[in-house]
Amino acid sequence: MSAGGDLQERGPLAEEDAARANLYALIGRLFYDAPDSILLAQLRRGEGEPSGSSQPLDQAWSALRDACGSAYPVVVKQEYDTLFIGVGRSEVTPYTTHYLKGHSPEQHLVRLRERLGSLGLGRRDAAYEMEDHVSGLCDVMRVLIEEGHALSEQMQFFNEFVYPCVKPFCDAVGTATSAVFYRHVAQFLGAFLEVERQAFEMIEPGG
């Protein structure tokens with residue numbers, strides 16, 4: 001996936017930005033499909049551990065690692081399917097326009113597609129998920145970071161399409177009766193979103 005738009009001059013990615021991109025990639029992977037035994041082992045060992053993070057994020061990461069230590073891939077896969085796919089209807093939808101308040105989901109999806117187009121991004125032909133899938137939004141944030149988009153542009157996408165929709169999604173997963181492993185994933189994502197929100201609030205206009 002490539003991006004256009006407001007790009008900063010490319011250079012080595014700062015350590016903090018690389019860590020942010022990696023976390024978005026990890027979270028996107030976990031909500032795209034259930035983790036296999038290799039990914040569970042990597043998480044259990046602490047690979048990709050957040051650095052310089054907040055206490056709530058550290059606690060959520062520790063809880064997720066512990067959950068990986070007792071997780072069986074086949075059981076987590078069954079949980080994923082029950083939560084996000086279901087038979088006829090999933091317990092929790094991963095399509096984030098569902099969680100908008102006071103806005104038309106159709107209009108929001110149109111705006112999202114227009115915004116992705118302006119960034120030079122779009123859904124792959126082989127992908128069957130809609131653009132508002134939580135994994136897709138995480139992947140967009142990863143690309144914006146890795147492609148060197150200005151923080152102001154990252155913040156705009158985050159504030160319009162990520163935080164208002166994904167945070168309620170995390171809450172829905174956290175209260176779902178079928179969520180065990182994914183309750184920890186959602187808590188970790190929620191804590192990470194709060195770190196991102198607070199960091200973006202510190203950006204000066206034009207930054």
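Closest non-hydrogen pair, P35 versus L39, comes out as CB-CD2, 3.7 Å. Contact record, T96 with D132: OG1-O, 2.8 Å, taken as the closest heavy-atom pair. Nearest heavy-atom pair, C165 versus L100, reported as atom, atom and distance to 0.1 Å: SG-CD2, 3.4 Å. What you find for S178 and E91 is that their closest heavy atoms are OG-OE1, 2.6 Å. Nearest heavy atom pair, residue L40 against residue C68, reads O-CB, 3.7 Å.
Looking at C138 and M141, their side chains never come closer than 4.5 Å, going by heavy atoms from C-beta outward. Side chains of L112 and F157 form a contact here, defined as non-hydrogen atoms less than 4.5 Å apart.
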Donor-acceptor list for residues 59-67 side chains, cut-off 3.5 Å, not counting sequence neighbours:
unit_1: R65; atom_1: NE; unit_2: R44; atom_2: O; d: 3.3
unit_1: R65; atom_1: NH2; unit_2: R44; atom_2: O; d: 3.0

If you look only at distance, which donor and acceptor atoms sit under 3.5 Å apart when one is on a side chain in residues 72-80 and the other is two or more places apart or in another chain?
unit_1: K77; atom_1: NZ; unit_2: D33; atom_2: OD1; d: 2.9
unit_1: K77; atom_1: NZ; unit_2: D81; atom_2: OD1; d: 3.4
unit_1: E79; atom_1: OE1; unit_2: F181; atom_2: N; d: 3.1
unit_1: E79; atom_1: OE2; unit_2: V180; atom_2: N; d: 2.8
unit_1: E79; atom_1: OE2; unit_2: F181; atom_2: N; d: 3.1
unit_1: E79; atom_1: OE2; unit_2: Y182; atom_2: N; d: 2.8
unit_1: Y80; atom_1: OH; unit_2: F31; atom_2: O; d: 2.8
unit_1: Y80; atom_1: OH; unit_2: Y32; atom_2: O; d: 2.7

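Ring pair F158/F200 is tilted by interplanar angle, where 30° to 60° counts as tilted.
Considering CZ of F192 and SG of C170, their distance stands at 11.5 Å, rounded to 0.5 Å.
Looking at R183, its side chain does come within 3.5 Å of a backbone N or O of A176 through a donor-acceptor pair. Distance alone, capped at 3.5 Å, places no donor-acceptor pair between the E131 side chain and the G136 backbone. For the pair D139 (side chain) and S135 (backbone), a donor-acceptor distance under 3.5 Å is absent. Using modelled atom types, one side-chain atom of Y99 and one backbone atom of T93 make a donor-acceptor pair closer than 3.5 Å.
Classification of R197 and E194 as a salt-bridged pair holds, one side-chain N sitting under 4.0 Å from a carboxylate O.
With sequence neighbours excluded, the residues forming a salt bridge (charged side-chain N to carboxylate O under 4.0 Å, His left out) with E196 are R20, listed by chain and number.
A centroid separation of less than 6.0 Å is found between the aromatic rings of H108 and F161.
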